[in-house]
Amino acid sequence: MSTATATATTTKWGLDPTHSEVSFKVKHLVISTVTGYFKTFDASSETASDDFQGAKISFSADIASIDTNQADRDNHLKSADFFDAETFPKMTFEGVLEGNTLKGDLTIKGTTKAVELDVEFGGVVQDPYGNTKAGFELEGKVSRKEFGLTWNYVTEAGSVVVGDQVRILANIQVVKQA
């Protein structure tokens, strides 16, 4: 009698950059919110099922691509006061999708912390060109200070210039690799 062992096959997915965006929001002077984007980033996943449960997710963003629609602020964010893009050119994430939560390790400026992001899985469809795609919306919060982004300034009125909590928002579309 012979025994056969089943081997799980995995599917690889790559980023569809034209249908994806990664943004962040942080309080400015406690009274308003500034939004920024990473213009250059990459993501991939490896799945064993079409619902993406247990999927392994990898993500990286080029710090030099940060864009808040204000060049002086962008340059300050790239400086050693914040991200130190020259020394730490990438922000990375490695994690696993569990239910509606993406759990993993986020590395910013050489510091790695466990984070959890809420995920809304949009499903899997075939586009008009025959490509199989999947979509996700992600949201979460991190403390910038926990990653060494501690620069701040207190105004004469006592307001801090930059809030600690940073909201991460991403709309990601991936395409099945052949």
Salt bridge (charged side-chain N to carboxylate O under 4.0 Å, His left out) between Glu146 and Lys113, worked out: CA-CA 8 Å; Glu146 288 183 2; Lys113 298 281 183 185; 5.2 Å; no
Ring pair (Phe, Tyr, Trp, His ring centres under 6.0 Å) contacts in which one or both residues fall within residues 91-119, not counting sequence neighbours: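 Of all non-adjacent pairs touching residues 91-119, none passes ring pair (Phe, Tyr, Trp, His ring centres under 6.0 Å).
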Going by ring-ring contact (aromatic ring centres under 6.0 Å, His included), name the residues that satisfy it together with [X], two or more places apart in sequence or in a different chain.
{"X": "His19", "answer": "none"}
{"X": "Phe83", "answer": "none"}
{"X": "Phe88", "answer": "none"}

Nearest heavy atoms of Ala64 and Ala85, plus distance in Å: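 In this case the closest contact between Ala64 and Ala85 is N-CB, 4.4 Å.
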Taking every non-hydrogen atom, the tightest pair across Thr111 and Phe147: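 Looking at all heavy atoms of both residues, the closest pair is O-CD2, 3.5 Å.
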Worked check of side chain to side chain contact (heavy atoms under 4.5 Å, CB included) between Thr92 and Leu106: CA-CA 6 Å; Thr92 63; Leu106 177 63; over 6 Å; no
Pairwise side-chain contact, Leu102 with Phe136, heavy-atom cut-off 4.5 Å (strictly under):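 In short, these two side chains do not touch, never coming nearer than 4.5 Å.
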Sub-4.5 Å side-chain heavy-atom contact between Val175 and Thr132: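 In short, these two side chains do not touch, never coming nearer than 4.5 Å.
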Donor-acceptor under 3.5 Å (Gln173 side chain, Pro17 main chain):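 Absent.
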Asp62 side-chain N/O to Lys90 backbone N/O, donor-acceptor pair under 3.5 Å: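 Here the side-chain-to-backbone pair does not exist.
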Return the set of residues passing side chain to side chain contact (heavy atoms under 4.5 Å, CB included) with [X] (not counting sequence neighbours), or none when no residue passes.
{"X": "Thr11", "answer": "Trp13, Thr47, Lys176"}
{"X": "Asp50", "answer": "none"}
{"X": "Glu86", "answer": "Asp84"}
{"X": "Val22", "answer": "Phe38, Phe41, Phe59, Ala170, Ile172"}

Test side chain to side chain contact (heavy atoms under 4.5 Å, CB included) applied to Gln165 and Val26, step by step: CA-CA 7 Å; Gln165 292 295 307; Val26 64; over 6 Å; no
Roughly how far, to the nearest 0.5 Å, is the [atom2] atom of [Y] from the [atom1] atom of [X]?
{"X": "Ile57", "Y": "Ser44", "atom1": "CD1", "atom2": "OG", "answer": "8.0 Å"}
{"X": "Asp118", "Y": "Asn100", "atom1": "CG", "atom2": "CG", "answer": "8.0 Å"}
{"X": "Thr150", "Y": "Lys145", "atom1": "OG1", "atom2": "NZ", "answer": "8.0 Å"}
{"X": "Leu15", "Y": "Ser45", "atom1": "CG", "atom2": "OG", "answer": "10.0 Å"}
{"X": "Leu149", "Y": "Asp164", "atom1": "CG", "atom2": "CG", "answer": "10.0 Å"}
{"X": "Ser23", "Y": "Ile168", "atom1": "OG", "atom2": "CD1", "answer": "9.5 Å"}

Lys78 atom NZ, over 12 foreign heavy atoms within 6.0 Å: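 Yes, the 6.0 Å shell around NZ holds more than 12 heavy atoms from other groups.
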Sequence neighbours excluded, every pair satisfying salt bridge (charged side-chain N to carboxylate O under 4.0 Å, His left out) that has a member inside residues 99-110: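 Listed once each, the pairs are Glu98-Lys103.
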Qualifying salt bridge (charged side-chain N to carboxylate O under 4.0 Å, His left out) pairs, either residue in residues 125-144, two or more places apart: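 Listed by first then second residue: Asp16-Lys133, Asp127-Lys133, Glu139-Arg167.
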Thr33-Lys25 side chain donor-acceptor pair, cut-off 3.5 Å: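 No, no side-chain donor-acceptor contact under 3.5 Å.
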Polar side chain donor-acceptor pair, Ser60 to Asp42, under 3.5 angstrom: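 Ser60 vs Asp42: no donor-acceptor pair found between side chains.
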Derivation of the side chain to side chain contact (heavy atoms under 4.5 Å, CB included) call for Thr68 and Tyr37: CA-CA 6 Å; Thr68 64; Tyr37 297 88; over 6 Å; no
Hydrophobic cluster membership, Leu117 vs Leu169, 4.5 Å side-chain cutoff: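 No; tracing contacts between hydrophobic side chains, which count when under 4.5 Å, never links both residues.
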Cluster link Val34 to Ile63, ILVMFWY, side chain under 4.5 Å: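 Different hydrophobic clusters.
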Working for side chain to side chain contact (heavy atoms under 4.5 Å, CB included), residues Phe24 and Ile66: CA-CA 10 Å; Phe24 60 91; Ile66 205 164; 3.7 Å; yes
Whether His76 and Phe82 hold their rings parallel, tilted or perpendicular, with breakpoints at 30° and 60°: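 It falls in the perpendicular class, over 60°.
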Set of side chain to side chain donor-acceptor pair (under 3.5 Å) partners for Ser58, sequence neighbours left out: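 Per chain and number, Ser58 pairs via side chain to side chain donor-acceptor pair (under 3.5 Å) with Glu94.
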Contacts of Thr112 that satisfy side chain to side chain donor-acceptor pair (under 3.5 Å) - sequence neighbours left out: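 Listed in chain order: Thr107.
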